[in-house]
Structures are given as C-alpha cells and as structure tokens.
Amino acid sequence: MSRYHRHIILEEIGVAGQKKIHAAKVLIVGAGGLGCPILQYLVAAGIGTIGIVDHDIIEESNLQRQVLFGMSSLGKNKAMAAREMLFNLNPTIKINTYPTKLISENVKDIFTTYDIIVDATDNFSTRYLINDAAVILNKPVIYGAIYKFEGQVTVFNYKNGPSYRCLFPYPTQKGLVSNCEEIGVLGILPGIIGTLQANEVLKIVLGIGEPLSGKLFCYNALTNQSTTIKVARIKETIRLVKQRGEDFEIFDEVFNCNIVLNQIGVEDIQDDDDIQYIDVRGLAELPRFFHENLVKISLHELTDNLQMISKDKKVIVFCKTGQRSNQAISLLKKNNITNCWSLKGGVSALTNSKLIKRTE
Amino acid sequence: MIIDIKYFGMLAEITGRSNEKFECSNTKVSELKKNLINRYPGLNNVNFTIAQNQEIVNENCKVTGEEVAIFPPFSGG
C-alpha cells in the first residue's frame, strides 16, 4: 500500500477511505481533453474499476491537450490506447474498454456495472443521452464541459439533486455551438476542468467535503474568475425523463442536435382557419379541449398517422408542458412537414388563452 | 434599477462584451430576455440560461438582482 501512503496518512481518507476508493467503479465517457486527466488521476488514486468509452482515433492535433497520449498512440483507438498507458501508471486497476460510440442501444448495458458516470464527452447528443440514462438508472454524473478559455463543472443526479435538463432542458442547435476541433481550445483548460471532475469523483466515493451538486462552477482561464451558480432540481423535468423510461431510441431522434426547433407562444397565434392544432398527449390526460381544427394523436402514434396532419395549414402542436410537442416537431420535420410549431408552455398556456375551448 | 449583466462563453462574442450595466425597472426575466434579444439579435439563435444573484431563475421571475449572469451550455470536452 506504499503507493497510496500519502492518501492513507490523511485523516479524512485513511485505510478505510482507500478501501472505498478501491471498491469504486467509475465510468468515463470520452477519453479526450477532459477524459485524459480524469483517467490519470483516478487510476493513480486507486479507483478499483474504471470503464472507458470512446470510439475515436488519436490524431496529432489531439496531443496539444490529451496529455495521456504520445506519438506512439497516433492512429489508435482512444479507449484502447488509454488503457495501455494507464496500465503502466497503475497495473492493479481493472480497466474495461468500450471502443464504441455511446448510443441508446448500449447505454444501459455499459452503465449498469458502474456507480459513478463521468461526462467527458464533446457533443450535446451524448451529454443528453448520458443524463437521461443516468436519471433512469439512478447514477450520479460528474459533468465537465469547455469552450475556448472557459469551463463548467457540476454534479448531476446525486442524492436528489438536479439533472442536466434542469439546467439546460434541450440541446442547442448544431452549427451554433461547435466542438474544440472546429473552434479551438486552450490546451490547459481541459486539464483544469478534468482535474476538478476527478476531484468530485473522489469526494463522492469518500463521502467527504461538499460535492458540486446543485452548483454549477464556471471558470475563466483568462481572467482567473470563477462563479458558482445554484441550480435547483425541477421535479417535472426529472419525472418526464423517467416517464419515457428506457425508450432511449426516441430520444436520439427527438433530441438530435441537427434539428432546429420551431416554437410559438400563445400570444403569437392568430386563431383562424389556417391553423391545425395537434394534441399529442395521451387520450386520458386532462383537461380535454375542443376545436374544429383540433386533431388528437398521441406522440407515440404520430409517425403512423402522418396523413392526418395538414399540408396546407400552419400546424401547432401542444402537450402538457411543451416537451412532447418539441419531440413531435422533430419527428414531423423529419417527415418533411415543416410548417409546424410547438406551443410554448403547453396546456397551461392554452388554458389561460381563449384560443381553444375546454370540454372537461 | 441598474443591473450588472455578465455574459459567458459564446454569448460574450455575440454581444461583444463580457459584462455591461443595464437599466431595467419592474421587469420579468422573460422581458429582460426579449430586451436583450432585441439589442443583440444573435442571441435568438443560442440556448442560454439566466441566473440572478448566483441562482438560476425561470422566466416568470421578477428581475430583482443586481448581478445577472447569462450563460450557454458548452459542448466541448
């Protein structure tokens, strides 16, 4: 145990704490800029079982910040190459590699083995998939994200804390936010942010300190300024993710970042004959509405009933809160129905307006 | 009331500044958002969240804070 001597002599860790570290199983999704320092520190710290998910290949332009790799790693898969390098650092650690993209079909199988998930990915669709799967499987997520000279760190889904969707309910449209490859990033920044994520992992494993649950830590490398913002858990948001259950497939389609959402507020609707309303809630959901141009098709049945959607009218889709109607818009757009709009605020916005009559 | 607005990430690029003073009285967060989008139309194309006095607020809240932070999600890793 001389390897962990400096941990063991800390009163807050000791032999018991080091045993907790050894017993921990941590999954790191993404072995890039953030993933490299996270892996190095967690393997060095003695986390007993580590999983690494990454489908990507190491390129020379990665070496500016992905400090686990060297020239001999070029052309290799990141998860596999990371395992090789980490074995030299600490051969006692069990390292599982998943040289594949995390997708709805494999997320449950991969997550099941681990106690803590670390989000070190570089794209929104995987971040939302990680969040939704972690909410459903009840695993904490250590989140880190970077942009040029700025970074964000927080802990999601920990002891009834908030989730990623409580902070940012939907993905940003692609093309407006790019990744490090396209816009550049200060090489040291993922080192700082990734190390903070590794620190959060150890705090949670050891049960010491105050994990960044419910707090978004924002750091600027140019000014050295940091801000911590309180994030509250939104029960309804969590409930909706859980309600959809393990049907991640629909998520991929729905929250695909390529799709730009059309949203409309009740104040912007001129009620006339050129509008068709679509209620995508389940048939048992109250209140019910009546309108001559209203069609009721639940979200799950939408793709099978596209013939009921008007091609000439402006299509306004609503549900209880606006989440399912956003999903509906994505599905409709994929089916070339473009003049369609998701009603902001859902049923409650509609109830307060005089657009549609309630029947019960 | 004068509020101090801080812009993070690409929002600082869209607005061309990292912070500014903004006059607003008896305003809801949704109205503040509208005013900002009028002033900087580029904000209309990005996803962002608003915090006041270091706490996230929803659109129906009144702007009471002297310190407002406006930040986008980052995707990079």
Side-chain angles (χ1 to χ4, degrees), chain A residues 29-30 32-35 119-127 143-152 162 164 166-185 189-190 193-194 215-216 218 220 222-223 225 227-232 234 257 260 265 344-345, chain B residues 3-22 27-38 40-77:
Chain A
V29 187
L34 294 171
D119 180 353
T121 57
D122 64 356
N123 65 85
F124 286 120
S125 37
T126 313
R127 290 185 184 280
Y143 164 93
I146 51 175
Y147 177 80
K148 291 187 179 179
F149 300 95
E150 291 175 63
Q152 299 170 340
Y164 187 41
C166 302
L167 181 59
F168 299 111
Y170 301 104
T172 301
Q173 299 89 325
K174 201 185 171 184
L176 299 167
V177 178
S178 313
N179 58 29
C180 301
E181 310 298 324
E182 291 160 20
I183 50 156
V185 63
L189 180 70
I193 300 300
K215 287 178 265 183
L216 178 74
C218 307
N220 184 321
L222 288 182
T223 59
Q225 281 188 339
T227 310
T228 305
I229 289 161
K230 279 190 207 159
V231 186
I234 303 172
C257 301
V260 179
K344 282 192 216 167
Chain B
I3 55 167
D4 194 8
I5 303 190
K6 271 192 191 171
Y7 301 101
F8 288 82
M10 59 295 289
L11 304 184
E13 288 158 27
I14 291 169
T15 61
R17 62 204 70 217
S18 58
N19 64 299
E20 70 178 319
K21 305 269 184 213
F22 209 88
T27 311
K28 277 204 222 166
V29 169
S30 56
E31 289 159 340
L32 172 68
K33 209 169 169 178
K34 258 190 192 161
N35 291 342
L36 288 171
I37 290 170
N38 279 341
Y40 308 109
L43 291 178
N44 211 12
N45 301 323
V46 289
N47 192 358
F48 59 85
T49 289
I50 299 183
Q52 66 174 343
N53 293 340
Q54 289 83 43
E55 196 160 338
I56 290 185
V57 283
N58 73 38
E59 303 217 337
N60 296 320
C61 281
K62 275 261 160 70
V63 179
T64 57
E66 285 162 7
E67 211 182 297
V68 172
I70 301 190
F71 56 94
F74 298 157
S75 64

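Residue contact with chain B, scored on non-hydrogen atoms closer than 4.5 Å, involves the side chain of A:Cys218 exclusively. For chain B, the nearby part of A:Thr227 is the side chain; its heavy atoms alone come within less than 4.5 Å. With a 4.5 Å cut-off on non-hydrogen atoms, B:Gln52 does not touch chain A at all. Contact of A:Ala120 with chain B is made through the backbone alone, with heavy-atom distances under 4.5 Å. A:Ile193 does not touch chain B: none of its heavy atoms, backbone or side chain, sits under 4.5 Å away. Only the side chain of A:Tyr164 has a heavy atom closer than 4.5 Å to any heavy atom of chain B.
Under a cut-off of 6.0 angstrom, the local environment of CD in B:Glu20 is crowded, with over 12 non-hydrogen atoms contributed by other residues, nucleotides or ligands.
Looking at every heavy atom in both residues, A:Leu216 comes nearest to B:Phe71 through CD2-CE1, 3.4 Å. In plain terms, the two heavy atoms of A:Ile229 and B:Ala51 that are nearest each other are CG2-CB, 3.7 Å. When all heavy atoms of A:Tyr143 and B:Phe74 are compared, the pair lying nearest together is OH-O, 3.7 Å. Closest heavy-atom contact between A:Leu167 and B:Thr49: O-OG1, 3.0 Å.
Put simply, CD1 on A:Ile183 and CD on B:Glu13 are 7.5 Å apart, with the number rounded to the nearest 0.5 Å. Taking OG from B:Ser30 and NZ from A:Lys344, the interatomic distance works out to 9.5 Å, rounded to the nearest 0.5 Å.
In terms of modelled atom types and a separation under 3.5 Å, the side chain of A:Glu150 and the main chain of B:Met10 share no donor-acceptor contact.
In terms of non-hydrogen atom pairs under 4.5 Å with chain B, the most contact-rich of A:Gly151, A:Cys166, A:Gly35 is A:Gly151.
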